[in-house]
Amino acid sequence: MQGVPTGSVSEIILDGLDNAWNPLIERLSGISESEYLWQPASSCWTIRPGSGGTMVADWADPDPIPAPVTTIAWRCWHIAVDCLDSYSARLFGTTGTGLTGLHWVGTSDDAQASLAAAWAVFRAGAASWGDDGLHGLLGPAWGPYANHTNLALALHAQREVIHHGAEIALLRDLYAAR
């Protein structure tokens, strides 16, 4: 942990979010373009050129079983757009990347900047809740999760960053060892 949180529950939650986020950003430092798009298995989900010069992430609904192996580029899209920005749009009415759906960026530098932007908006919004706001309900925009709290979402976001950040770290290790 970065420090010993001695304050409010909100401060402890923010510390936990930061402790999940910072290792991801550190692990992405120095990533090459070939590593960002490396497909370690056949039939990988990745990002691909879409219409009008945009990049789009592979996707299927419902999720295939088993889930496909993904590239670092796909994981970055998932964290920034599919998770953090989709949460921020519904909670705070804004996003960090300005991207929605399957749209993503094509370079590792743009991905790192977009991840940082998505994180900044989500974290600032979570910080604005304070202790009392953590107990607020997500509401109708969240469908079956409407009665879940902001606290539950903050912990879910933390899990998403840890889970997918660990996958990115493993992909970097495998790329280096190939």
Side-chain angles (χ1 to χ4, degrees), residues 16-17 19-51 54-91 95-119 121-123 126 138 141-149 151-178:
L17 287 168
N19 282 312
W21 184 255
N22 293 332
L24 167 62
I25 297 309
E26 290 168 12
R27 283 293 282 167
L28 282 170
S29 178
I31 190 170
S32 69
E33 295 306 316
S34 60
E35 185 177 5
Y36 175 68
L37 294 168
W38 177 58
Q39 295 187 36
S42 62
S43 303
C44 264
W45 274 6
T46 190
I47 59 167
R48 302 178 193 283
S51 61
T54 63
M55 298 297 287
V56 294
D58 292 332
W59 187 257
D61 189 22
D63 290 338
I65 298 173
V69 175
T70 63
T71 63
I72 291 172
W74 192 94
R75 290 283 165 205
C76 289
W77 161 79
H78 178 66
I79 293 168
V81 177
D82 199 30
C83 294
L84 297 175
D85 269 357
S86 74
Y87 306 160
S88 294
R90 288 179 275 175
L91 289 166
T95 67
T97 68
L99 300 171
T100 60
L102 302 176
H103 296 280
W104 188 231
V105 296
T107 70
S108 62
D109 286 344
D110 288 344
Q112 289 176 72
S114 295
L115 277 162
W119 176 252
V121 169
F122 180 78
R123 192 195 184 285
L138 294 176
W142 293 83
Y145 305 104
N147 290 325
H148 288 226
T149 63
L151 174 59
L153 182 70
L155 293 173
H156 175 73
Q158 180 183 34
R159 186 193 68 78
E160 287 286 334
V161 170
I162 291 168
H163 173 116
H164 299 298
E167 290 172 328
I168 289 169
L170 176 61
L171 286 167
R172 292 210 69 190
D173 292 344
L174 291 171
Y175 183 84
R178 72 192 190 292

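Throughout, residue positions are numbered sequentially from 1 according to the sequence presented.
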I'd like to check [X] versus [Y] (side-chain heavy atoms, cut-off strictly below 4.5 Å). Are they in contact?
X	Y	value
Leu115	Leu84	no
Trp104	Ser114	yes
Leu153	His148	no
Val105	Met55	no
Tyr87	His156	yes
Trp38	Pro40	yes
Trp142	Leu91	yes
Leu28	Cys76	yes

Donor on one side chain, acceptor on other, [X] and [Y], under 3.5 Å:
X	Y	result
Glu167	His164	yes
Ser32	Ser34	yes
Glu33	Ser108	yes
Thr107	Asp110	yes

Could you give the distance from [atom1] ([X]) to [atom2] ([Y]), rounded to the nearest 0.5 Å?
X	Y	atom1	atom2	answer
His78	Glu160	NE2	CD	4.0 Å
Gln112	Tyr36	CD	OH	9.0 Å
Leu102	Ile47	CG	CD1	12.0 Å
Ile168	Ile31	CD1	CD1	7.5 Å
Thr46	Trp77	OG1	CH2	11.5 Å
Gln39	Leu171	CD	CG	11.5 Å

Where [X] and [Y] come nearest, the two heavy atoms and their spacing:
X	Y	result
Ala118	Ala80	CB-O, 3.6 Å
Ser43	Pro68	O-CB, 3.9 Å
Cys44	Thr71	CB-CG2, 4.4 Å
Ala126	Leu17	CB-CD1, 4.3 Å
Pro23	Asn19	CD-O, 3.2 Å
Leu37	Ala73	CD2-CB, 3.8 Å

Just by modelled atom types, is the [Y] backbone N or O under 3.5 Å from a matching donor or acceptor in the [X] side chain?
X	Y	answer
Asp85	Thr95	no
Arg90	Ser86	yes
Thr54	Ser51	yes
Gln158	Gly16	yes

Going through the checks in order, is the side-chain contact (heavy atoms from CB on, under 4.5 Å) test met by His103 and Val81?
-> CA-CA 8 Å; His103 296 280; Val81 177; over 6 Å; no
With a 4.0 Å cut-off, would you call Arg27 and Asp173 a salt bridge?
-> yes
Ring-face cation contact, Tyr175 with Arg178, 6.0 Å cut, 45° max | yes
Angle class for the Trp59/Trp45 ring planes (parallel below 30°, perpendicular above 60°, tilted otherwise)?
-> tilted
Using 30° and 60° as the class limits, which term best fits the ring planes of Trp119 and Phe122: parallel, tilted or perpendicular?
-> tilted
